[in-house]
Structure formats: C-alpha cells, structure tokens
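Since the structure comes first, as structure tokens, the remarks are kept for the end.
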Amino acid sequence: MNENSEKIKKAIEPLRQQIINHKVYSVMNDLDDLKVFMQHHVFAVWDFMSLLKSLQNNLTCTSVPWFPKGSADTRYLINEIVVGEESDVDSFGNRKSHFELYLDAMHQCGANTSQIEKFVSVLQETGDLKSSYLISETPEAAQQFVDFTFDIIGSKKDYLQAAIFTFGREDLIPGMFHAIINDIHESLPERVSNFKYYLERHIEVDGDHHSHLALEMTANLCGDNEAFWQEAEEATILSLQKRIELWDGVYDAIVSQKVLG
C-alpha cells in the first residue's frame with residue numbers, strides 16, 4: 001500500500017472504530033431487529049452497485065463504437081470488480097448480483113422489500129431520486145446516505161468515486177454482527193441462511209480480493225497529485241460520517257419498534 005493510502009487509512013481509523021462499535025449492534029437481538037436493519041441497509045447495497053457502475057462508465061468504454069479509454073490497468077481493475085459484484089453466485093450456484101443476493105436474504109427472513117423495490121421501480125421510470133424517495137417512503141437516513149453517494153457520482157471525479165468505494169465501504173462489518181447472525185441462524189437457519197451466506201461472500205470477495213483491486217485503482221487514479229489525495233481523504237471522511245448517520249437511523253428505528261412492540 002502506498003504512503004497516501006496509508007495516510008487516509010490513519011485519518012479514518014477513529015470513524016471506522018465508531019462504525020464497528022456502533023450502538024446499533026447492542027440492540028439487535030432477534031429476527032425482527034434484523035429485518036429493520038436490512039430494510040435500511042439494502043439502500044446502501046443498491047447505491048454501492050450504482051457507484052461501481054459509475055466507475056466502470058468513467059474508466060472504460062461502455063458505448064458503441066468502442067475506443068480504448070484510459071489506462072488498461074485501471075480498466076482491468078474495475079472490470080474485475082464488476083464481474084464479482086454484478087454476477088456472483090448464490091449458495092446454489094446461480095449467477096446473481098450482490099444486490100439480488102441481498103433481496104433474496106430479505107425475502108427469506110420476511111423483511112419488507114416493498115420500499116426498495118418501489119424505489120428502484122420509480123427511479124427506473126423517472127430518473128428522479130427525490131420523487132422515488134417520496135413514493136417509496138424511503139427511510140430518511142437511507143435517503144441522506146444515497147444522496148451523498150450520488151453527489152460524489154455527480155462530481156464526475158473518478159478518483160473521489162474510487163476513494164469512497166475503496167475506503168468508505170471496506171471492512172466495516174464487525175465480529176459482533178456476525179455473532180448475532182450466527183446466534184439467530186442456530187435457532188432459525190431456514191430464515192437467515194441466505195443472509196449468512198451474503199455476509200460470508202462479502203468477506204470473501206469484497207473484503208479480500210476486491211479491496212486489493214480497489215486500493216490499486218484509487219492509487220492509479222490519484223497518482224502523484226497531492227490535491228487529488230487530499231480531496232479523496234475529505235470525501236472518505238464524509239462517507240464514513242454518512243455511514244454512522246445511517247446506523248443512527250437504524251438504531252432509532254429498532255428502538256422505536258421495541259417500544260411500540
């Protein structure tokens with residue numbers, strides 16, 4: 001890892017620790033709590049895919065006629081990540097994106113998918129985020145998270161997109177969360193086996209192979225430009241703050257459900 005990447009990792013470590021040790025995990029005890037978590041988190045899974053495809057559009061030629069675009073090394077890195085994220089395999093060997101794997105997990109555990117499905121459907125028809133939020137009744141914390149991601153996409157700065165993709169999304173699932181899922185799986189394997197598989201694939205694919213590819217991609221895009229690296233650090237810090245705010249929203253929703261229940 002190069003010196004600038006190490007500098008970003010050092011700068012964001014306190015925020016990473018806040019996320020890993022977030023209070024949301026202390027109130028997640030059962031399947032109902034997991035459903036609330038998933039109904040918020042699925043929006044982050046979806047916008048991760050949008051960020052990924054924006055990077056592919058920026059860094060490779062995705063139109064016809066084809067012309068070579070950018071560095072072949074960078075094209076390879078993003079295309080390799082896209083293959084794994086957009087066409088992975090489920091536990092039965094069927095090709096699916098990680099977003100579709102997540103929806104399968106939601107369906108299996110009984111989480112409500114109507115908001116994310118309506119959101120995607122309306123957005124596909126209108127191309128307008130705000131009306132899609134309104135019609136689907138997207139949770140406020142999820143809206144703010146997605147808005148930030150699309151602000152970065154709208155900046156047209158591929159090095160910023162790569163930075164939040166690389167440093168803002170990697171290695172943020174704590175062992176405590178895995179322990180919670182394993183406990184639920186012991187008593188209700190038929191309800192959470194898909195989600196357990198999703199988490200395991202996330203660690204295996206995203207947390208290892210893809211994280212190394214993404215680091216190299218970000219280093220290629222920022223190069224020796226100190227201003228790019230400084231912007232990348234600032235954007236990454238903001239992205240992690242948005243993740244904390246999303247988890248705050250999930251925490252509030254779970255606590256409210258417990259009070260009402």
Side-chain angles (χ1 to χ4, degrees), residues 1-6 8-9 12 16 41-105 146 149-150 152-173 194 197-225 228-229 231-233 235-236 239-240 243:
M1 191 184 302
N2 71 28
E3 184 179 330
N4 287 302
S5 293
E6 287 286 5
I8 291 178
K9 278 187 169 285
I12 65 174
R16 286 186 68 260
H41 182 228
V42 67
F43 286 90
V45 177
W46 173 82
D47 89 343
F48 178 84
M49 299 298 299
S50 297
L51 182 61
L52 171 69
K53 296 302 287 186
S54 178
L55 278 164
Q56 188 182 36
N57 288 339
N58 290 347
L59 301 176
T60 73
C61 181
T62 55
S63 58
V64 177
W66 178 88
F67 302 100
K69 182 177 180 180
S71 157
D73 286 339
T74 306
R75 294 197 300 261
Y76 163 76
L77 292 167
I78 190 60
N79 282 332
E80 180 77 3
I81 297 171
V82 168
V83 168
E85 297 287 346
E86 197 173 34
S87 51
D88 201 1
V89 292
D90 66 13
S91 58
F92 301 102
N94 302 307
R95 290 286 172 192
K96 291 187 177 180
S97 68
H98 283 193
F99 175 67
E100 289 164 311
L101 288 177
Y102 204 93
L103 285 180
D104 286 348
V146 172
T149 301
F150 274 80
I152 296 293
I153 290 172
S155 75
K156 305 297 184 184
K157 296 180 177 180
D158 50 24
Y159 59 93
L160 292 187
Q161 294 176 39
I164 70 166
F165 184 91
T166 302
F167 300 105
R169 300 297 184 98
E170 66 159 21
D171 191 24
L172 294 174
I173 302 175
N194 285 347
Y197 175 83
Y198 169 86
L199 291 178
E200 289 166 352
R201 287 299 290 170
H202 183 79
I203 292 172
E204 181 181 352
V205 178
D206 300 359
D208 183 17
H209 182 50
H210 286 180
S211 66
H212 296 305
L213 296 174
L215 277 167
E216 189 176 345
M217 176 177 66
T218 302
N220 286 354
L221 292 171
C222 288
D224 296 324
N225 190 316
F228 282 9
W229 281 108
E231 277 190 85
E233 181 178 319
T236 302
S239 75
L240 292 175
R243 172 72 69 165

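Just so it is clear, the structure is predicted and the values come from calculations on it, not from any experiment.
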Please round to the nearest 0.5 Å and tell me the distance separating atom OG of S50 and atom CG of L52.
9.0 Å
For a quick test of reading the model, state the closest non-hydrogen atom pair linking G168 to S239 and the distance between them.
CA-OG, 3.5 Å
So, for L213 and E80, which heavy atoms are closest and what is the spacing to 0.1 Å?
CD1-CG, 3.3 Å
Going through the distances and angles, do V83 and N79 end up as a side-chain contact (heavy atoms from CB on, under 4.5 Å)?
CA-CA 6 Å; V83 168; N79 282 332; 5.6 Å; no
What are the two closest heavy atoms between A162 and L221, and how far apart are they?
CB-CD1, 3.6 Å
Can you give me the closest heavy-atom contact between G84 and D88, atom names plus distance?
O-CB, 3.2 Å
Criterion side-chain contact (heavy atoms from CB on, under 4.5 Å) on L160 and F228, from CA distance to verdict
CA-CA 8 Å; L160 292 187; F228 282 9; over 6 Å; no
Would you please classify the geometry between the Y102 ring and the H41 ring as parallel, tilted or perpendicular, with 30° and 60° separating the classes?
perpendicular
Under 4.5 Å between any side-chain heavy atoms of R16 and K9, yes or no?
no
Rounded to the nearest 0.5 Å, what's the gap from CE on M49 to OG on S54? Could you check?
13.0 Å
Measure the spacing between CD1 of I152 and CD1 of I164 and express it to the nearest 0.5 Å.
5.0 Å
Determine whether a donor-acceptor pair (N or O, by modelled atom type, separation under 3.5 Å) exists between the side chain of R95 and the backbone of S87.
yes
Taking C-beta and beyond as the side chain, do Y159 and W229 meet within less than 4.5 Å on heavy atoms?
no
To the nearest 0.5 Å, atom CD1 of I78 lies from atom CG of N220 at 11.5 Å
For H98 and Y198, take the angle between the two ring planes, folded into 0 to 90°, and tell me which bin it lands in: parallel under 30, tilted 30 to 60, perpendicular over 60.
perpendicular
K69 (side chain) donor-acceptor with N57 (main chain) under 3.5 angstrom:
yes
Separation between CD1 of I81 and CD of E86, rounded to the nearest 0.5 Å:
12.5 Å
Indicate yes or no: at least one non-hydrogen side-chain atom of L103 is less than 4.5 angstrom from one of W46.
no
Could you pull out the closest heavy-atom pair between A44 and R243, with the gap in Å?
CB-NH1, 4.3 Å
Starting at OG1 of T218, measure out to CD1 of I8 and round the result to the nearest 0.5 Å.
7.5 Å
If you apply the rule side-chain contact (heavy atoms from CB on, under 4.5 Å), what do you find for N194 with L101, and how did you get there?
CA-CA 8 Å; N194 285 347; L101 288 177; over 6 Å; no
So, the side chain of T166 versus the backbone of A214: is there a donor-acceptor pair under 3.5 Å, distance only?
yes
Treating N94 as the side-chain partner and D90 as the backbone partner, does any N or O pair qualify as donor plus acceptor under 3.5 Å?
no
Stepwise side-chain contact (heavy atoms from CB on, under 4.5 Å) check, D158 with T74:
CA-CA 11 Å; D158 50 24; T74 306; over 6 Å; no
Looking at every non-hydrogen atom in both residues, tell me the closest pair between I153 and Q161 and how far apart they are.
O-NE2, 3.4 Å
